Structures are given as structure tokens and as C-alpha cells.
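Accompanying notes for the structure given below.
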Amino acid sequence: MPVAISALVFSAACAAVLFMQVLSTGSQTYLLGGWAPPWGISLVVDPLSALMLLVVSVGALLNLVAFSFTPSKWPLRKTPAFLGLYLLATAGHLGIVATGDVFNLFVFIEVAALSSYALLSLGGRRATFASLNYLLVGSVGASLYLLGVGYLYIKSGSLNMLDIARILTTMPLSTTALTGFAVLMLGLWIKMAVFPFHAWLPAAYASASPVTSGLLAPMTTKVMAYVIVRMLITVFPQNFLSAMLGFSSMAVWLACIAIIAGALLAIAQQDLRRMLCFILVAEVGYMLGGAFLGNDTAMTGTILHILADAAMTLTLFMAVGIIVARTGSSRIRDMDGMFTIMPVTMLAFTAGALSMIGVPPFCGFFSKWYLISGALEAGHWVFAGSLILSSLVNVLLFFRVFERAFFRQPSTAAVQGTGNWQQLAPLCFIALLLPAIGLATGGIVQQIIQPALQGVL
Amino acid sequence: MLISESTLPLLTLLAPLLAVPAILMARNPNIREAFTFLAGFLLLGTLLLMLPGVLAGNTPEIVLFPVIPGAPIALRMDPAGMLFALVASVLWIITTAYAIGYMRTKQEQNQTRFYAFFAVSLFATMGAAMSANLLTLYLFYELLSFSTYPLVGHHQSDEAKSGARKYLTYLVSTSIGLALPALLVTALLSGTLDFGGAPLLAGKVGPSAGAVLLVAFLLGFAKAALMPVHGWLPAAMVAPTPVSALLHAVAVVKVGAFCAVRVVTEVFGMEFLSSLGLGAIITGLAAVTMLVSSFTALTQDGLKRRLAFSTIGQLSYIVLGIGMLNTVAAAGGILHIAMHAFGKITLFFCAGAIYVATGEKYISRMGGIGHRMPLTMLAFLIGSLAIIGVPPTGGFLSKWLLLNGSLLGDHWLLAGVLVVSSLLNAAYFLPIVYKAWFCTPAEAQHTGPMREAPTWCLVPLLGTAALSVGVFFYQETLTTLATMAARF
């Protein structure tokens, strides 16, 4: 345990230092083994990926710290194995973010995914089945991605992101490259749980142990969304999207369906964790739609939402995870009087919920602001409407919980005491980050997102 | 000066918020309430420090967070905001005193929670009053919806919960579903959301798009309770009376009316609206609301519900005033924010005092109550006169300006509506007062000797009654602010 935590502390510290350096001196490249880019594998960190590295490493750290000190009905029987997998999954996701090579990215996707399957399956009988399901679907997604990379390699003869981008701009558009683009994106959508490829997500995350879903729910979908953004702004030249207007408009419509379906399915849930999972499905729709709307504002919204959603999903899953760990139940009808029993946890949950609804000054509002503005700019009224609808549904979803948790008396068998500070401190930290990120939106957009989008779209 | 003028709005904003941790930490109820008073006086102090500057035409301004280009989170104190903030802060202090009497006598549960959320609500109200742009206004508007939700459901009974649910559903679904999209479209069209410059949408929309946006804004800020989005206000009456008094007669509803003022004066601009010919939408909505709610009020037997419907009607006076698109009527509308506040809070205080002293909630069971609670019923009479608009009460001033404005703009029909509505106000309030004293022994449900509500309840309600009369004689500051606000 101490080893794992110190490893994550080290990782987070490195990410923070790197972030500062990249902000002040510009992108950094590291050549693995010293081989020059088109042949060797390079790690490239620009402001955007530096931010993502920070998000992933800090999130993994906070989550592990919080749950290490939470007595749980999921005793970490295979603790060394569990921690190893936990670190491996984190490393995989960090690698996805940092790499500058499309094949290396596939390798990291598999590293992250394989360790995730194993982690998720540690949650009991239902979890084993759910993670098998995830394994099957996830493998299809990864294979499709690889297939897309193959097409690109056929055309460009390169695997390095910048190199591919350079070669593709000099070439006329070809069906091969366009097919590669489409197949690659499809693979990423499956990994990102875009509706209707979403079914693995609620099954796997809702049955896993709280610590696992607290790690993966904020991380996997967001990192995949980051990969999509990276592909769109760095790898593929702008004419790809304009050549495939049908494809991008399909993506936006799919996003609308994902948002509405996620929202409706969330209403039907009786279990808090499953409800959050379906909200996550809707949030995936936000990021997908923004990425494919094809204007700067919407792309800014997507990137902001990757950040915001990572923070608020982490808050919500950690808060609910702590509740599950301490009371043993995440059914909504067992939430009676939860504000009395665990005031601090519920306050953090409230912050996460308000951010999900999109209440200023929480960060969820500002990303949604950019997304809707982008939708209006593009004249896509349905996407704008879906976002508004999703906000309204979130109000319903969360206030259904609050009404029980706030106004009802706790049931007699409730746990007493507010919990120890080691589990609450990380939760409070991340909950306080939500408005802080929101209020820092101006700086984030100016310093990180605008440079990343310059010359693109 | 020790503190620069531009930080004063920030202090004003933070004063109520600083009280929250103090309220939560306080071990003893007396200390807890002392903190609320302290915050209240601090708040009032900062406002009074700013007042001379604002009267001289300054607008102290401070940018807090540059979140979105063209729409930072920023504070700016202008005459309209000053008028509203002054009224709300004075009444907060009085309401705190009243709440002590009410909550302790009724032995309400969770009083710490109550005072804490009360302070947060005031924070949100101050923020809304001082918002320098639409985004900041929206931020505090939403914050106010969420922070008052626990207050509405305070009793935790099934009735309270369903009332709170209805309250939130109306307010949040309209703000997210109508106001936010309108806000985004405005931002897209004008590129900025800042108040104080040229009206945001002037010259940028045609009549039909303008009409859609206008309606989306007016109904989206449902706290103004224009029909058909008024249903939350009667539902909110399940709250403890201090909440109904300060929040649902002053702070929350006036934030709604205040948003309507901002929409007309800053988003569209009066000249632009009249060039589009859209004033009729505003006045039409307001006039219908005014008449329908007054008729509905006549049929209500629950005293607080009758007051709620009366509030819906009176809010429409404000909207009607600015909707007539001339400065005199607009000044009347803005002044009505203050004048209605003093009158209506008195009436709510009286309703609460009657409930505390006798347990009665229904008008049909208040025969002869004037013999038992003469001072309360005297205050009730004064409050009623202020709402009806009879001199020497403050309500006369605002209604006078409104009527003048309507004649100035040749709105004969609206002038008629104003007169009819005032008569209806008299028709639903005066019988209560009449029955309180003059009823046959058979009808009397209450008799002397005098047994008033506790002093902590009685003194505040006499205070606000005195204020309702006082503002008639010392009107200068308020009318100046209202006139300045209407000119902006």
C-alpha cells in the first residue's frame, strides 16, 4: 500500500512539474531508446496532454488514498495483485495520453484495458461476468482501432502522429485513409462507451468494488475522448472531416441519441451507482458531439468537458463509493437521511451533482456553455436541445436523491460517525476543485486549449 | 477612504457568506443569531458606504473571475441594484429578529440549518443585485433557487417535500430550459453579456426572434412569477413564515422582477423594444397575471396563500411598469420593488404572528381576532393599505408613478387594469381587517383580552409597518434611485 501510494505521489508530482514546464517552455518530446521519430517511438507532451497527465495521475492518487482508509466489504484479499493492477491501469492511461505514436497508443490501450478487466472482475460474481462482457466488447473496439491504424500505415507508411499528419496533408484524400479514419473512430467509440456500444459500462462499473469504479469511471472514457480529440486536432488533416460530412454529422446525431438515451435510462435506475453510470453514458455523448461539431467553440467545450467530467465523475464515484463501503448499499431508497449520517461526503456529492447539472460556478456549467454555444454556432439545434434536456434530467435525478437524503430521517441501522479524515480529505479536495476549475475556465481556455486548437479546424 | 470603492461590492457580497461558517460553528443559539445580526449590519454598512457614490452617479465595479470572454464573473453596483440591495438588507435584519421569535416559539427543528441557508440565500440575492452581466446574474439566480430549496422543505413533512419539489421544478426547469438558451443566444449574437453599455441585443434581432427571446427571458426567470410560471409561489408557502416573508415576498421574487428589469433595460433596451413594438408582450403578460391572480386571491382561504397570489399580482406591477417602456412608468415599477417589499413583508409577519399566537391559518377562522391581537391587525391594515396604494403609505408613490406613466404613454387600457387591480387588492385584504374587529358575537372566533404574539415577533412587524408609512414621508433616496435606474 505505501509503495503504491508513494508511486502515485511521485507520478502526480512529476505530472505537476511537467505541466508547469510545458506551460512555460512549450511542448516536450522524449524519444524512447533515442530513436528518431518516424522509426522510433516518441512521447510528446504539449499543454493539453500535460493537463490530462495531471488529471489522470492526481485522480488515481486521490481515489486510492480515499479508499485505502475506508473499511470495505470488499476486502482487498489479493492486495499486492490488486495494487499492481491499479498502478498498471494508471500507467496505461498515462501512456495513452503521452504517446506520440499511433501503434504505441494501441499498446497502451491494451495495457490499460487488460488491467481494467482484471481489476473490475475482482468485485464478486456479477463483476466477473460483467468484466467478461467488457473484455469481449473492449477487444472488438481495440481491434477496430488497430485495423484503422493498419489502413493509415498502408497509406502513409508511418506510425508517428506528426509524421502521419504531415504525410496525409501532402496526399490527396483516398478511400483507404478515409476508411482507416472511420474504422479507427468506431473502435474508439466502442472503447468510450458511446451509445449503443455502451452496455458494458454500467454493467462493469456498477458491480465493481468502489475503489475500482472510482479509478476507471473518471479515467477510461475521458482518456478515450482525449484520444478522439487528439486524432482530430493532431493526426488527421482538416479535410478529412469536411470530406466525410456525413460521418461527422452521424457522430453528432449519435451523440444526441447517447445523451437522451443515457438520461432516460438513468431515470429508470434504482441504484445510485448504476444511475451515475448512465449519466456517464450521457456525458460521453457531450464529448463526442462537441468533438465532431466542427468548430473551435465546440471543441473547446469538449476539451473542457473532458477535464470537468473527469473531476465531477471522480467526486461522485468517490462519494458514492464511500457510502457503499460504509453502509453496504447504493440503492437510492437506502439514502434516507444520508446528510445527517455523512454530512461531508454528501456535501461533496452535492458539489458533484450541481456540477453535473451545470450550475455555475461549478466546472460542468462552463464546459456545457461552450458546448451549447458551439452547437448554436453550428446551427445544430438538436444537440443544443439535448444538452439542455440532459441538464434538466440531471436535476430530477439528483434531487430525487437529495430529497431522501436531506428531508428523511435516517433508518435506524445506519452507520454512525462521519468517517476518518484520510478518506474525506481527498474527497473534499476534489469537490473544492470543481468550482475552482470552473472559475479558472478563462485561464485554461487561453493557456491550454486555444494553443492546442491553433491552426486546426 | 480606507477601503477603495471598487472592493465594496465584494465586501457586500461576502458579508452574508461569512456568517455561514460562524452560524454552523456557534454552540449557542444566541451567539448563532448574533452572527446573523452582525452580518446583516455589516452588509447594510457597506451598502450605506456605497450609497452616496451611487447617488452621485458612480457605479463601483469589480471583476472577480474572467471565466468567459465577454462574460466575466463581475460585480457592479448601479442604482437599480442599490435600491434592491438596500431593501433586502434592511429587511434581512428585521426578519432575523422576527425569525427568533417565530422559530423559537414554534420550537422548529434544525434551526442552525435554517439560519445558514438563510444567509446563503441573502448572499445569492446580493450577488444578483450587483451582477455586472447576465452570466453573473444567472449564476446567483440559480444559487438562490438551490439555497432556498432546503428552506421551503424545512418542515420535512410530505406536504413540505412536495411543495419544495414543485418549487424547484418550476424554477430550475424554466431557468435551464428557457433562460439559459436565451442567454446563450444573446451571447452568440452580441458577443458580450455586460450591463451598463449599449443594450446587448439592440439592432441585432428582428421582431420575431426578439419576441421569442423576450418571452424566453421573461418566463425563464420564473421567479418573477408571471403566469403561467407562477405555480411555485403558492407551493412555496409551506415554508416557515420568516422564509415566506423575506424570501417569497422580497428576496426571491424580487430577484425575478429584477431580472425582468435587467432584461428590458440592459438586454433589449427600452428604445429598441418600442421600435420592435414588443412592449405589448410584456404588458400583456403582466396585465393578465395581475388580474387573474387578484381574482384567484379572492377565493383563497389560507391567509398565506392569499398573500402569495397577491404577491404574484404585485410582481406584475413591476413588470408592467418596465413594459410600458417609458421612464416614468419604469421608475414606478422599480420603486414598487421597494414599496411592495415593505408592505408585503408586514402582511406575512402578521400572518406568522397570528399563527404563532393562535395557530390559525385560515381567513375564515380569524373573525374578531382584532380584539385579541390589536397591534398585529393594525399593522396588517397598514400593510394592506400599502399594497392597495393608499396614502400615506409607500405603495401610493409607486402606483402613482405607474399610473402617470401609463397615461403618459396613452396606455388607457393598462391604466384601467391598474385601477381595477387596486380595487381587487382592497377587495381581498380589507374584509379580513373588517372581520377582525367588526363581527357579530356569533361570528367571533376570538375575543379579548389582548394576547399578542411574542415581542420578538411583534416588534419587527410593527417596525415594517412603520417603514411602510415612513417611506412615504422620507422617499427621496428610494425615488431618486428608482428614477436613476429607469434612465439607465
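Please read these numbers as outputs of a predicted model, since none were measured by experiment. So that the names make sense, note that chain A is the first sequence line, chain B the second, and so on, each numbered from 1.
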- SB check A:Glu403 B:Lys161 (cutoff 4.0 Å): no
- Task: Please determine which of A:Val359, A:Leu387, A:Ile357 meets the side-chain contact (heavy atoms from CB on, under 4.5 Å) test together with B:Ile176.
- Result: A:Ile357
- For B:Leu188 against A:Ser373, the heavy-atom pair lying closest together: CD1-O, 4.3 Å
- Shortest non-hydrogen contact from B:Val67 to A:Tyr370? O-OH, 4.4 Å
- Would you mind checking which part of A:Phe366 comes under 4.5 Å of any heavy atom in chain B, side chain (CB onward), backbone (N, CA, C, O), both or neither? side chain
- Please test B:Arg113 against A:Phe339 for side chain to side chain contact (heavy atoms under 4.5 Å, CB included), starting from the C-alpha separation and ending with a verdict. CA-CA 12 Å; B:Arg113 181 179 92 190; A:Phe339 270 99; over 6 Å; no
- State whether the number of non-hydrogen atoms from other residues, nucleotides or ligands found under 6.0 Å of B:Asp158 atom CG is greater than 12. no
- Per-residue tally against chain A (heavy atom, under 4.5 Å) across B:Thr169, B:Thr136, B:Ile73, B:Leu168 peaks at B:Leu168
- Query: chain A: which of B:Leu184, B:Val185, B:Val172, B:Leu135 shares the most heavy-atom pairs with it under 4.5 Å?
  - Reply: B:Leu184
- Item | Max heavy-atom pair count under 4.5 Å with chain B, selected residue of A:Leu354, A:Leu389, A:Thr297, A:Leu396 | A:Leu354
- Message: With a 3.5 Å distance limit and no angle check, can you tell me whether B:Gln156 reaches the backbone of A:Phe407 through a side-chain donor-acceptor pair?
- Response: yes
- Of the backbone (N, CA, C, O) and the side chain (C-beta and beyond), which part of B:Ala187 lies under 4.5 Å from a heavy atom of chain A, both, or neither? side chain
- Message: Assess the residue pair B:Phe65 and A:Thr441 against the criterion (side chain to side chain contact (heavy atoms under 4.5 Å, CB included)); give the C-alpha distance rounded to whole Å, side-chain angles, the decisive distance to 0.1 Å, and a yes or no.
- Response: CA-CA 9 Å; B:Phe65 302 99; A:Thr441 304; over 6 Å; no
- Side chain, backbone, both or neither: which part of A:Glu377 has a heavy atom under 4.5 Å from chain B? both
- For residues A:Phe365 and B:Leu180, determine if any side-chain heavy atom of one lies less than 4.5 Å from a side-chain heavy atom of the other. yes
- Item | Heavy-atom closest contact (B:Gly177 atom, A:Ile388 atom, distance) | CA-CG2, 3.9 Å
- Query: Is there a side-chain contact between A:Pro361 and B:Leu139, using heavy atoms and a 4.5 Å cut-off?
  - Reply: yes
- Task: Measure A:Ile444 against the heavy atoms of chain B and call it side chain, backbone, both or neither at under 4.5 Å.
- Result: neither
- Over 60° means perpendicular and under 30° means parallel, so classify the ring planes of B:Phe146 and A:Phe399, tilted if in between. parallel
- Query: If you tally heavy-atom pairs under 4.5 Å against chain A, which of B:Ser175, B:Pro150, B:Ala164 wins?
  - Reply: B:Pro150
- Note on the structure: The interface call for A:Val445 against chain B, heavy-atom contacts under 4.5 Å, is neither
